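Chain naming here is simple, since letters A, B, ... match the order of the sequence lines and numbering starts at 1 in each. Quick caveat, the model's predicted, so the values are computed rather than measured.
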2 protein chains.
Amino acid sequence: MTTKDKIVNAAEALFAEHGFEQTSLRQITSEAGVNLASVNYHFGSKKALIQAVMARYLSRFMPALARQLQSLENYQQVTSRAVFDCFRQPLMALTDVSRQGPANFLRLLGFAYSEIQGHLRKYTMTEFGTVIEQLLQWLHRANPQLSDAELFWRLHFILGATVFAQVSSQALIEIAAADFDEQVDPEHIIDKLIPFIAGGLDSSAAG
Amino acid sequence: MTTKDKIVNAAEALFAEHGFEQTSLRQITSEAGVNLASVNYHFGSKKALIQAVMARYLSRFMPALARQLQSLENYQQVTSRAVFDCFRQPLMALTDVSRQGPANFLRLLGFAYSEIQGHLRKYTMTEFGTVIEQLLQWLHRANPQLSDAELFWRLHFILGATVFAQVSSQALIEIAAADFDEQVDPEHIIDKLIPFIAGGLDSSAAG
DNA sequence: GTCTATAGTATGATAGAC
DNA sequence: GTCTATCATACTATAGAC
């Protein structure tokens, strides 16, 4: 394994655990067993390292999600849950990158939104905007009773629930283990999340 | 206004905007127009200041929420939506603390969970554990088909959607106005949110 | 490519004069 | 209570020897 790989792997694990800003290059190089200066040699800056870590996942996940959404064409009727189920396979396939791939990716995505990493959000959106639009179209087809505006609002509520769930996952898992004697893997939070967001999306509008 | 008050007010605004760790004591004292050393004189440490900021809201919000939940006893049948309506008045009453009180409180709550501020979560839970339990009980009564663990998870998904909605409210309102010609007041986002979270909560579990 | 050494900057906290 | 000055400690980034 090259030094560059060692750095990306260590950075991913630490970013996913503590967030981007809270992880120092010293922690990363120490964990990777490489010299501190090597990060700037191989990546140029911490910011570039962050993008490299995200790119490794986004470049796999987004095309896979696009393919899943495409396959919805085969069905006559599309439900919200079917749309969100499209996230499962692309997410689980991230175990190719690392054993903790799915969990790490979701946590990283959460931090990318919650920390004021404007460059990350811009990167994600410009790079994969078409997939996002595709997703919106399917949700509209699954919920023709909702106006575009209503769908817009609910999508952002969903985004919030998802991001928050991932960023807080460790704390929540610990509480669930302590209070309910329930062992939950980070990547299985999505199993709990999907019924929730599908139900919220399909709910009848305010009365 | 005393120096102590100036510090708490400035800290609240900055914490709500950038998070706890990302806000320095120098930013706070500069914004408050007081000396740097005064934070440690009045509060002892940054950690203690964080708790003071949170305490000001929690000590108002939690008892008010408890009273609202208590009033549910008058009803024979309780729905999820009725339970969540209990949040409206206690939240809006936080304008007594500051004009941005409701929004700030929700943002601070989000940061308190997402940053690894173990001491904050512990503080919240030990101080107001009974209200949380009360809330869970009512939600359980409204949704007897869901297990305690399932309720716990969904409650936190709801917290995420709510926090995110408040955090992004200004941007979302502007987009809604531009794209959908829809005028929404910040305090009416909750009208859009409640059907969503009630629908998510009542959704049947994963299958 | 890899290292040491260090520049340059920011942080939380504190001692001590007033 | 409030101030200045400063300590001790982190951080990112880089220059320069090997």
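- Among A:Leu58, A:Val53, A:Ile50, the single residue meeting the side chain to side chain contact (heavy atoms under 4.5 Å, CB included) criterion with A:Leu108 is A:Val53.
- The nucleotide whose nearest atom lies closest to any side-chain atom of B:Tyr41 is, among D:dT2, C:dA15, C:dG1, D:dT2.
- In this structure, A:Phe61 and A:Phe105 have tilted ring planes: the angle between them lies in the 30° to 60° band.
- One interatomic measurement links the two molecules: CD1 of B:Ile28 to C1' of C:dA10, which rounds to 15 Å at whole-angstrom precision.
- Using a 3.5 Å distance cut-off with no hydrogens or angles, the side chains of A:Ser80 and A:Asn143 do pair a donor with an acceptor.
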Just the table, please: protein N/O against nucleotides 11-13 of chain C N/O, every pair under 3.5 Å.
unit_1	atom_1	unit_2	atom_2	d
C:dT11	OP1	B:Ser24	OG	2.9
C:dG12	OP1	B:Leu25	N	3.4
C:dG12	OP1	B:Lys46	NZ	3.0
C:dG12	OP2	B:Leu25	N	2.9
C:dG12	N7	B:Arg26	NH1	3.0
C:dG12	O6	B:Arg26	NH2	3.2
C:dA13	OP2	B:Lys46	N	3.0

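- No donor-acceptor pair closer than 3.5 Å links the side chain of B:Ser38 to the backbone N or O of B:Tyr41.
- At the phosphate of D:dG1, neither OP1 nor OP2 sits under 4.0 Å from any side-chain N or O atom of B:Ser38.
- Between A:Phe111 and A:Phe20, the angle of the ring planes goes over 60°, which puts this pair in the perpendicular group of the 30/60° scheme.
- Counting only N and O atoms by type, the side chains of A:Thr2 and A:Asp5 include a donor and acceptor under 3.5 Å apart.
- Put simply, CG on A:Leu14 is 12 Å from P on D:dC11, counting in whole angstrom units.
- Comparing atom distances between the A:Asn35 side chain and each of D:dT4, C:dC3, C:dT2 picks out C:dC3 as nearest.
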